[in-house]
Visitor: 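One structure, pasted below without further comment.
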Amino acid sequence: MEKAIIIGSGPAGLTAAIYLARNGINPLVIAGSQYGGQLMLTTDVENFPGFENGIKGPELMRKMIKQAEHYGARFEYTNATSVNFLNTSPFKVTTENASYESAGIIVATGAKPRRLGLESEDKFFGRGVSVCATCDGVFFKDKTIAVIGGGDSAMEETNLLAKFASKVYVIHRRDTFRASIIMVDRSLANKNVEVIYNTEVKEILGSTTVTGLKIYNNKERTERELKVDGLFLAIGYIPATAIFEEQLEMDHKNYLVVKEETKSSIPGVFVAGDAADYRYRQAITAAGDGCKAALELQKYLESNL
Ligand code: NAP
């Protein structure tokens, strides 16, 4: 039986692994077949403390894995396919290859930004298409960009991007925003922001980087091209929590509910990072959660083993 299993290998899971391993609880990390989380898809990370010239997202994640391994964490690069946390001790985790039992669990499965589903979105991801203004906004200084979405995230991204870009188009598929009035007012108060309502992006144009969009007005049923240098998707997130359905308490958008101090609805199961956090979604906040979850799990083991 394991003392601790960590499901997920983004900054939350890996920080938890480093803390547990250094404290002598060599955790098993179910890292997923695509390890490292969202930072594996980003280029330069300039806001993670300690790297004065920035660091590539994948490099940062590989360093975290090496650090965790150095202190004794073990990794399985497969996906967890089911769990049993209910009325059972130890907890059970099944992967594509094996079944495990563990006294404690940290869930750090993260979330994925919702995508439009266009082929060109994949082609230009990291080359003009981004899902994080905090991470990538600075690369669009004095450029023209578009933000897609009509929720609070889109407004927040727009407000931030308006400080860098010369022009920000907000492209929303309806004529009313889902975002709160205060967020809309704040974003649209920027003079370089213009909203394009009732409009959907049909194609992202360019050769090596983004140069424009093919957009479709769904009221007028007309299509046109819009010149932009970048595109920020802010159309919501999908937490990677499907395997915890019927096991852990979730909110109406399937984010895991944290009771207090990273504790889930089941004692002994802790939650860190974007699987529970729709508000901040930063590598550093996820890492902070991972640290807290590891310390809480350690305390739990001390009084329950
Ligand atoms: P959201 O509220 O679900 O909004 C997503 C937006 O994207 C909606 O306007 C939706 O359009 C649009 N959308 C979804 N799929 C689309 C598609 N395929 N094509 C085009 N548009 C699409 O997501 P969110 O803005 O990320 O916010 C998530 C939660 O976090 C919310 O509860 C929000 O209040 C919260 N949040 C809070 C803050 C804050 O308080 N500072 C900041 C960010 C987020 P429709 O409106 O037509 O459905």
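Each ligand, and each atom within it, is numbered from 1 in the order the structure gives.
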Visitor: Closest non-hydrogen protein atom to atom 30 (O) of ligand 1, residue and atom name please, with distance?
Guide: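 Atom 30 (O) of ligand 1 sits closest to the protein heavy atom Tyr278 CD1, 3.2 Å.
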Visitor: Run down the list Asp152, Leu116, Asp251, Asp277 and name the one with the heavy atom closest to atom 34 (O) of ligand 1.
Guide: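 Among Asp152, Leu116, Asp251, Asp277, the closest heavy atom to atom 34 (O) of ligand 1 belongs to Asp152.
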Visitor: Once rounded to the nearest 0.5 Å, what's the spacing between atom OG1 of Thr211 and atom CG of Leu205?
Guide: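 That separation rounds to 6.0 Å.
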Visitor: Going by atom types alone, do Glu76 and Asn97 pair a side-chain donor with an acceptor below 3.5 Å?
Guide: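 No, because no side-chain N or O of Glu76 sits under 3.5 Å from a partner of the opposite role on Asn97.
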Visitor: Measure from the ring center of Phe140 to the ring center of Phe164 and say whether it is less than 6.0 Å.
Guide: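 No - the distance between ring centres of Phe140 and Phe164 does not fall below the 6.0 Å cut-off.
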Visitor: Name the closest protein heavy atom to atom 9 (O) of ligand 1, giving the residue it belongs to and the distance to 0.1 Å.
Guide: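 For atom 9 (O) of ligand 1, the nearest protein heavy atom comes out as Gly150 N, 3.0 Å.
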Visitor: Please determine if Glu296 and Lys299 form a salt bridge, counting it only when a charged side-chain N lies under 4.0 Å from a carboxylate O.
Guide: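 Looking at Lys299 together with Glu296, the answer is yes, because their closest N to O distance falls below 4.0 Å.
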Visitor: For Arg281, take its heavy atoms, then give the atoms of ligand 1 lying under 4.0 Å from any of them.
Guide: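 Close to Arg281: 26 (O).
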Visitor: I'd like the name of whichever of Lys253, Arg178, Met183 reaches closest to atom 32 (O) of ligand 1 through any heavy atom.
Guide: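 Residue with the shortest heavy-atom distance to the ligand atom: Lys253.
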Visitor: I need the Ile6 CD1 to Leu28 CG distance, nearest 0.5 Å.
Guide: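 The CD1 atom of Ile6 sits 8.5 Å away from the CG atom of Leu28.
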Visitor: Among protein heavy atoms, which lies nearest atom 23 (O) of ligand 1, and at what distance?
Guide: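 Result: Gly236 CA, 3.6 Å.
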Visitor: Check this for me - ligand 1, Tyr237, N or O atoms closer than 3.5 angstrom, yes or no?
Guide: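 Between Tyr237 and ligand 1 (N or O atoms, distance only) the closest approach is not under 3.5 Å.
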Visitor: Would you kindly check if the NZ (Lys) or CZ (Arg) of Arg281 is within the cone defined by 45 degrees around the ring axis of Tyr237 and under 6.0 Å from the six-membered ring centre?
Guide: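 Pair Arg281/Tyr237 counts as cation-pi.
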Visitor: Suppose I only count heavy atoms of Arg174 and a 4.0 Å limit; which atoms of ligand 1 are within that range?
Guide: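 Those of ligand 1 that fall under 4.0 Å from Arg174 are 45 (P), 46 (O), 47 (O).
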Visitor: Could Arg74 and Glu2 be called an ion pair, given the rule that one side-chain N must be under 4.0 Å from one carboxylate O?
Guide: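 Counted as a salt bridge, because a side-chain N and a carboxylate O are separated by less than 4.0 Å.
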Visitor: List the closest protein heavy-atom neighbour of atom 11 (O) of ligand 1: residue, atom name, distance to the nearest 0.1 Å.
Guide: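 For atom 11 (O) of ligand 1, the nearest protein heavy atom is Arg173 NE, 3.2 Å.
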Visitor: Ion pair present between Asp122 and Arg115, side-chain N to carboxylate O less than 4.0 angstrom?
Guide: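 Salt bridge present between Asp122 and Arg115.
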Visitor: Would you mind checking which non-hydrogen protein atom is closest to atom 7 (O) of ligand 1, with the distance to 0.1 Å?
Guide: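 Closest protein heavy atom to atom 7 (O) of ligand 1: Ile235 CA, 3.2 Å.
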Visitor: Compute both the distance and the angle, then confirm whether Lys167 meets the cation-pi test with Tyr169: under 6.0 Å from the six-membered ring centre, within 45 degrees of the axis.
Guide: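 Yes, Lys167 and Tyr169 form such a contact.
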Visitor: Would you mind checking if Lys263 and Glu260 are paired as a salt bridge, meaning a charged N to carboxylate O distance below 4.0 Å?
Guide: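 Between Lys263 and Glu260 there is a salt bridge, with a charged N closer than 4.0 Å to a carboxylate O.
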Visitor: Looking only at protein heavy atoms, which one is nearest to atom 41 (N) of ligand 1, and how far off is it?
Guide: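 Atom 41 (N) of ligand 1 sits closest to the protein heavy atom Glu156 OE2, 2.9 Å.
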Visitor: Just to check, does Met155 reach to within less than 4.0 Å of ligand 1 when the distance is taken from its heavy atoms?
Guide: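 No, Met155 has no heavy atom closer than 4.0 Å to ligand 1.
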Visitor: Consider every N or O of Gly149 and every N or O of ligand 1, then say whether any pair is closer than 3.5 Å.
Guide: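 Looking only at distances, the answer is no, because the N/O contact criterion of under 3.5 Å is not met.
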Visitor: Please identify which atoms of ligand 1 are closer than 4.0 Å to at least one heavy atom of Arg279.
Guide: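 Numbered from 1, ligand 1 contributes 40 (O).
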Visitor: When you measure from atom 24 (P) of ligand 1 to each heavy atom in Ala111, Ser153, Gly151, Ser180, which option holds the nearest one?
Guide: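 Shortest heavy-atom distance from atom 24 (P) of ligand 1: Ser153.
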